[in-house]
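In what follows, a single structure is set out as structure tokens and then discussed.
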Amino acid sequence: MSPSFTKSHELFARAARVMPQGIYGHFTPVFTVPGSYPYFMERARGSHFWDVDGNEYIDYLCAYGPMILGYANDKVDEAYRRQAGLGSCCSIATRLSVDLAERVTSTIDGADWVMFAKNGADVTSMALMLARGYRKRAKIVLAEEGYHGTQAWAGTSTVGITPADRADILMVPWGDLDALRETVAAWKGQIAGAMFTPYHHPVFADQKLPGPSFWAEVRKLCDENGIVLIIDDVRAGWRLDLKGSAHHFGFRPDMACYSKGMANGYAISMLVGAEKLRVTASKAYMTGSFWMNAPEMAVALVCLDEMERMNVAGVVRELGEALTRGLRELSEAHGLKVSITGPAALPFMKFANETNFLRSQLFCGECAGRGVFFHPHHNWFLSAAHTKEDIAKTLEAADAGFRAVKERFGD
Amino acid sequence: MIYEGVLAKVYLGAVLPVLEVLSGEDPAASSYAGQWTGRIRFAVGLSGPRCDVVFRDSRVKVEPGARGPSDIYLFFPTAAMLNALFSGRGPGFPIPLKGFTRLKGLLVFSRLAKHMETVLNTDAAPEKLRARLTLDILARALAIISRNDPEMRLLAEKVHGTVRLGIKDGHAVQVDFTGGEPKSVTGAGPSPDLLLQFATDDLFLQVSQDKVDVMAQACLLNVVFQGDLHLGQVVNIFLDRVSEYLPPKEVAA
């Protein structure tokens with residue numbers, strides 16, 4: 001029986017009267033399948049959430065990444081409550097900022113200093129400013145289809161963006177060393193920085209992992225041309241390696257951006273950097289009203305401890321491998337061709353014989369109807385709260401999803 | 001930025017052709033069309049866009065390319081002059097190379113064009129007809145702009161697939177982006193990669209005039225937005241561009 005979304009839809013009707021799109025940004029239900037997915041959650045715990053109509057889901061989106069230990073994690077939430085009781089947003093910094101900075105610089109590979117903020121977009125913008133300030137150059141290289149936030153320079157939105165906003169942005173396909181070399185040669189001496197994700201995780205497309213020598217070659221090219229290499233690890237960070245995704249892939253960037261999983265859902269982000277950029281960072285005036293909030297820092301400290309204690313990167317990789325292995329076996333059993341790409345902890349599945357995602361939307365809609373929350377166009381996330389039982393239930397739902405695809409499309 | 005050459009192609013290739021449906025479906029338009037028989041040629045420059053508007057048996061037919069003899073030949077030295085005439089921005093007087101004395105044909109065309117504008121921009125005509133004409137213009141304009149506007153052409157070369165825009169149980173149009181040369185088709189073609197379907201004619205008309213929040217309407221299940229949503233994001237950019245070329249007009253009913 002299909003779940004009811006009566007309360008979700010009633011709430012949305014109210015939302016649409018007072019907020020553009022009702023629910024905007026990446027949370028918009030338009031990108032899932034309106035009619036098959038809930039719009040509003042009521043509560044969440046572990047790897048599950050319940051929508052306002054009482055439907056329960058095993059969640060493979062993990063709030064688009066932040067939920068890495070599980071929703072409503074007792075240790076994390078207790079750390080927040082304890083610090084909130086002592087004050088949150090204050091007139092001066094707290095001891096926790098020092099504690100967290102020390103913890104981060106001793107954990108993240110290549111992090112000689114750190115600056116805290118609130119969202120990924122804060123720190124990707126900071127990184128660009130510091131690269132330009134350090135090199136006294138204007139141009140920045142980004143990857144096509146890469147995501148670094150919705151700032152004007154990032155190219156995500158089209159509304160209100162002028163050509164001047166992106167005049168100094170150069171685009172290359174992710175992973176295309178030749179294109180990067182050509183761009184560097186064409187703009188020799190003018191490129192301040194190059195910012196990439198550690199592997200390619202676009203929406204609406206297969207993910208791409210770096211080849212064995214890719215990052216070494218990029219590092220070399222940047223060094224030879226005085227280009228600051230920045231890694232946007234906002235999405236993948238902590239799920240591949242506690243020391244950072246760059247460490248996982250065997251290279252060291254000049255700066256790296258983190259957020260999402262850093263505090264298991266509480267709002268904090270950080271930019272870490274190499275020693276050579278410290279003075280430039282010290283000269284820049286960058287701040288925000290809530291950037292020094294103590295409770296999120298208390299949470300981040302606990303979260304880091306937990307991620308280390310539990311070997312979260314290893315746990316989510318194993319869970320992801322079980323999930324993707326099961327999905328491959330089921331799709332083959334149904335005679336369907338799927339491509340599952342990216343790291344096991346952040347996999348993305350699409351049907352190999354289509355580009356329009358109609359099969360994916362049907363599959364994910366069927367799974368949602370059976371209590372499994374996949375996204376048809378965006379990579380998925382495993383968390384340390386997912387269980388083997390979750391994976392087994394998920395594969396039961398996926399079996400029905402594949403059957404529906406087979407019946408509707410035939411292949 | 002609006003390119004005058006592209007806008008002229010939009011007027012001749014997307015807007016004028018709806019006179020065919022209008023004269024077939026709308027009694028007033030048919031009545032106007034029946035007042036004259038003959039062929040009016042619109043031509044921009046020596047090598048610019050051109051088309052013939054043919055009046056016969058109370059119907060209008062719009063023929064692209066313009067071949068053979070015409071009764072009235074309206075020559076616009078520049079695209080901007082033609083655009084001024086169609087947009088009402090200026091006098092836009094063409095140079096009548098031929099047929100200067102056949103004023104009746106021009107008068108009938110002028111009345112029909114004014115009527116079309118009223119139908120498209122006011123509540124004077126039934127919603128169903130307005131929605132159909134607007135969809136036809138939208139699809140043709142979308143294809144023309146994405147083929148000819150330099151920035152949009154670059155974008156069009158990166159996308160593939162077919163988008164269908166339509167009304168539930170009503171009229172539909174398709175634009176095929178395959179091969180970097182977008183083409184429009186009136187009516188529902190083969191299974192599309194992206195379906196954008198509106199629950200009612202009224203809702204579509206409101207969306208086409210930027211009067212409602214289409215994303216919210218999709219979540220309220222009044223708009224079906226299904227398939228290649230990445231293509232949908234690009235189509236959205238094209239549609240915004242169409243409304244820059246053809247902004248809604250304030251016309252007295």
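The sequence lines fix the lettering, A, B, ..., with proteins before strands; numbering per chain opens at 1.
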query: Hey, are the side chains of B:Cys219 and A:Ile23 touching, using non-hydrogen atoms and a 4.5 Å cut-off?
result: no
- prompt: How far apart are the closest heavy atoms of B:Ala216 and A:Phe12, and which atoms are they?
  reply: O-CE2, 3.4 Å
Determine which donor-acceptor pairs between chain A and chain B fall under 3.5 Å and list them with their distances.
residue	atom	partner	partner atom	Å
A:Gln21	N	B:Asp213	OD2	2.4
A:Tyr39	OH	B:Cys219	O	2.4
A:Asn356	O	B:Asp228	N	2.9
A:Asn356	ND2	B:Asp193	OD1	2.9
A:Gln361	OE1	B:Gly227	N	2.9
A:Gln361	NE2	B:Gly227	O	2.5

- prompt: What part of B:Leu229 lies closer than 4.5 angstrom to a heavy atom of chain A: side chain, backbone, both or neither?
  reply: both
field: B:Leu220 versus chain A, the contacting section by heavy-atom distance below 4.5 Å
entry: both
